[in-house]
Amino acid sequence: MTYESFEYDVLVIGAGGAGLRAAIEASAAGVSVGLVCKSLLGKAHTVMAEGGMAAALANVDDRDNWKVHFADTMRGGQYLNNWRMAELHAQEAPARARELEAWGAVFDRTKDGRILQRNFGGHKYPRLAHVGDRTGLEMIRTLQDHGIHQGIDVHMECTVIELLKDGDRVVGAFGYDREKGRFRVFAARAVVLASGGIGRAFKVTSNSWEYTGDGHALAYRAGAELMDMEFVQFHPTGMVWPPSVRGILVTEGVRGEGGVLRNSEGKRFMFEDIPDLYKSSTADDEEEGWRYTQGDKEARRPPELLTRDHVARCIVRELREGRGSPHGGVFLDIAWIKARLPNGAEHIKKKLPSMYHQFKQLAGIDITQEPMEVGPTTHYVMGGIRVDADTQMSTVPGLFAAGECAAGLHGANRLGGNSLSDLLVFGQRAGQYAAAFAKEQTGASVNPDEVEAVARHALVPFERAGSDAEGPYQVQFDLQDMMQAQVGIVRSQAEIKKALDAFGQLYERAGKVGVQGNREYNAGWHTALDLRNLLMVAEAVAKSAILRKESRGAHFREDFLEKDPEQAKVNTVTRLGSGGEMEVVQAPLAPMRKDLQQIIEDNK
Amino acid sequence: MSSATFRIWRGNAEGGAFEDYTTEVSEGMVVLDAVHQIQAEKANDLAVRWNCKAGKCGSCSAEVNGNPKLMCMTRLNSLPLDEPVTIEPMQTFPLIRDLVTDVSWNHEVKQRIKKFRPRDPDAPDGSWRVDQYDVERVQEFRKCIECFLCQDVCHVLRDHRLHDKFIGPRYLVYTAALEMHALDTDDRLDDLANEHGVGYCNITKCCTKVCPEEITITDNAIIPLKERVVDRMYDPLTKMLRMFR
């Protein structure tokens with residue numbers, strides 16, 4: 001077979017915030033860099049991020065600093081986080097935000113002209129640098145516009161389907177271009193995975209078609225360990241109506257600006273259940289909550305701004321107990337602030353312009369006049385590739401990971417706003433250390449037999465064209481339905497078991513799908529190739545979920561409602577067993593440094 | 001449930017034809033939903049580019065009943081469904097397949113525009129002080145999601161095919177965002193006049209009309225750039241003064 005061949009010191013797979021930042025850093029270190037993106041440059045999922053980027057700049061509240069940010073992140077993650085990552089993240093995020101400004105990003109400003117910061121769930125002080133409700137767009141465009149002048153070789157609409165190894169080391173990757181379906185072989189001294197998440201494993205999701213867990217699965221098959229795969233974040237507020245937009249994100253910024261959640265009885269149900277960890281930092285009444293959203297430093301946050309896992313579960317409770325909205329959600333009301341603010345409608349449009357448009361255009365609803373209907377949507381995976389905190393290298397030499405596909409920073413639940421900063425902080429680190437690693441390596445050697453085998457395997461679905469083989473879409477839909485129903489927000493032994501029993505059959509069907517047509521921009525073929533990644537990550541989620549017999553963060557077991565102190569001491573590790581089977585085990589957390597423990601104590 | 005017919009372009013650079021697909025439609029559906037449904041049920045290999053499905057990434061640009069649109073933001077109830085809905089690829093760019101076009105020319109154009117070059121930071125920590133008022137002027141342009149619908153509809157590109165002489169509305173907006181950026185120190189006016197063909201735009205405002213982000217492309221970006229270029233190069237007084245320098 002014929003291949004187009006490329007050789008780089010560092011190959012970055014994924015061109016969202018983390019991938020772009022890694023590529024820029026590696027390139028600045030003087031090595032050659034290839035950047036592969038599954039879509040066009042600038043369209044990656046980062047573009048969807050709305051609320052902002054968490055960084056303790058202390059521009060709005062000078063009581064903020066990295067220690068408070070660190071403590072907030074650990075509390076939000078229920079202390080399963082990799083504390084070193086949480087430390088680095090909190091310390092380095094401010095510099096990463098300022099650097100973005102030096103590259104042309106245009107953040108909203110404070111009265112004295114500095115970067116403005118807004119409140120968000122789980123953050124003690126206003127901490128999110130933002131641009132209205134389109135911060136992700138600003139970030140990815142800034143990185144893109146800066147990156148295209150750095151001598152990075154960009155491969156757009158190119159999907160990697162396997163990593164290539166030489167002994168223990170990763171030495172490249174194999175992929176195809178969407179346009180013609182031509183195969184590409186990338187030899188590389190170091191590879192950075194920055195491929196994002198796994199949302200497409202579920203039916204209701206805010207994630208695009210790209211989010212099929214590619215990086216997770218590539219790393220797993222290459223022998224790297226994954227960690228904490230049971231922790232999937234269901235964002236509390238996705239659109240629920242009309243059906244075709246179900247799952248599209250409604251930014252937490254709506255609640256940050258004073259939006260409230262009500263059930264069908266008109267009650268602000270979030271006041272009814274406030275977790276112990278957050279009792280002292282939550283408002284006593286509606287009045288105090290409102291003052292908080294308007295910047296009163298003496299006030300405590302309204303319960304709508306509790307962590308995402310908790311808000312999502314409260315919504316599910318309302319739904320189960322029959323107090324939902326007409327289309328199976330609850331009401332999110334921002335229009336009510338007109339009673340408090342002169343020019344309220346204009347204020348809403350200015351602060352939340354893309355939410356205003358999204359509802360106006362897709363649901364025919366004017367959010368300045370009436371409440372939105374919202375419900376939980378699969379949004380983010382805390383779990384991912386297990387990495388070294390400082391270097392972001394996985395357990396396989398030469399393979400690095402950053403951003404959503406890496407695990408550790410967020411523990412059992414991610415705080416809003418900590419994702420964009422995660423991308424920059426650890427994208428930068430991955431790029432730096434991948435470049436350093438690459439410089440130390442001598443020639444990479446790609447094994448032609450391995451390449452040939454991967455290529456042949458990729459073409460198998462075409463051999464079944466014209467036969468009565470099943471297409472790939474139905475298998476994908478069935479997997480999504482199953483994960484949504486059985487390994488979703490509320491889990492139990494029996495339900496997860498049912499899902500696990502069904503995997504055998506799904507794998508078998510996925511192995512037999514056929515595709516029509518030729519290799520040119522063939523979505524059916526692409527879906528068929530993505531299927532095995534999606535199945536792999538879904539299985540890892542289910543197997544990890546059945547192992548953690550407690551409720552913590554985003555992982556909620558109705559058969560084990562409480563937190564188990566013993567389970568607070570372990571992460572869940574997924575790896576490829578020697579016989580090709582999936583091994584899921586628990587591994588002890590590293591003991592936390594004393595000074596960091598003290599910071600957590602001080603911030604309780 | 002009712003059904004509707006979609007007349008979708010199928011083919012590649014070598015040729016093709018419209019094909020009719022009838023599928024079920026339900027309340028709230030957008031054009032992209034119908035295309036996906038057809039792809040899953042009837043034409044697995046139908047090529048369509050999309051990502052966010054929420055009007056934020058600018059991937060699913062196409063021409064729906066002849067109008068340049070994001071398919072994900074075009075609701076079926078805004079279209080007459082008693083006749084087939086025509087969906088075809090953007091016409092200004094080379095076709096790859098079905099609804100997907102080769103937009104790489106746009107990326108090449110961006111590369112040719114001088115990058116952002118900020119003034120020295122205002123504070124020792126490397127940060128700047130900028131007024132919200134100055135920020136907002138540029139933020140309008142930075143809303144652009146690079147869907148290239150403005151490029152698609154611009155007659156200088158679409159009809160006259162002046163891709164090598166004119167950078168198109170998207171990149172005039174991009175240049176405006178840099179030129180009006182409070183911190184930028186570079187100068188792009190000579191490039192605008194000579195290399196980037198700002199003069200080709202005759203302000204018919206077609207680009208403004210199709211912009212899904214409602215950027216006032218012509219009035220707020222292109223016309224001010226034209227004025228700056230004219231001030232610099234064609235102002236008679238300055239020109240005369242320059243002769244004596």
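So you know, we letter chains A, B, ... as the sequences are listed, proteins then strands, and number each from 1. These numbers come from a predicted model, not from an experiment.
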Next on the checklist: Salt bridge check, A:K43 against B:E146: does any charged N sit closer than 4.0 Å to a carboxylate O?
Outcome noted: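 Not counted as a salt bridge, because no side-chain N and carboxylate O are separated by less than 4.0 Å.
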Close contacts, [range] versus chain A, judged by heavy atoms under 4.5 Å:
range: residues 135-143 of chain B; value: B:V135, B:E136, B:V138, B:Q139, B:R142, B:K143
range: residues 61-78 of chain B; value: B:C72, B:M73, B:R75
range: residues 115-123 of chain B; value: B:K115, B:F116, B:P118
range: residues 124-132 of chain B; value: B:D125, B:S127, B:W128, B:R129, B:V130, B:D131, B:Q132

Checklist entry - Are the side chains of B:E27 and A:W241 in touch, meaning some heavy atoms are under 4.5 Å apart? => result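 Contact flag for B:E27/A:W241 side chains = yes.
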Return the minimal non-hydrogen interatomic distance between [X] and [Y], and the atom names on each side.
X: A:P472; Y: B:N44; result: CD-OD1, 3.7 Å
X: B:C144; Y: A:R141; result: O-NH2, 3.5 Å
X: B:R97; Y: A:N518; result: NH1-OD1, 3.5 Å
X: B:G28; Y: A:S244; result: O-OG, 3.1 Å
X: B:H107; Y: A:L41; result: CE1-O, 4.0 Å

Considering only heavy atoms and a distance below 4.5 Å, find which of [options] pairs most often with chain A.
options: B:R49, B:K110, B:K53; result: B:R49
options: B:Q39, B:M29, B:H36; result: B:Q39
options: B:E213, B:E41, B:E214; result: B:E214
options: B:I145, B:D184, B:L183; result: B:I145
options: B:D98, B:V100, B:L178; result: B:V100

At a heavy-atom distance under 4.5 Å, which candidate from [options] has the highest pair count against chain B?
options: A:S39, A:A102, A:G471; answer: A:A102
options: A:Q144, A:K38, A:Q476; answer: A:Q144
options: A:R134, A:E138, A:H526; answer: A:R134
options: A:I140, A:D145, A:I248; answer: A:D145
options: A:Q516, A:E179, A:H45; answer: A:E179

Check each atom of [X] against the heavy atoms of chain B and say whether the ones under 4.5 Å are side chain, backbone, both or neither.
X: A:E210; value: side chain
X: A:L362; value: both
X: A:Q474; value: neither
X: A:Y211; value: neither

Checklist entry - Counting distance only, does the side-chain N/O of A:W525 pair as donor-acceptor with the main-chain N or O of B:D45 below 3.5 Å? => result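 Looks like no, no N/O pair under 3.5 Å.
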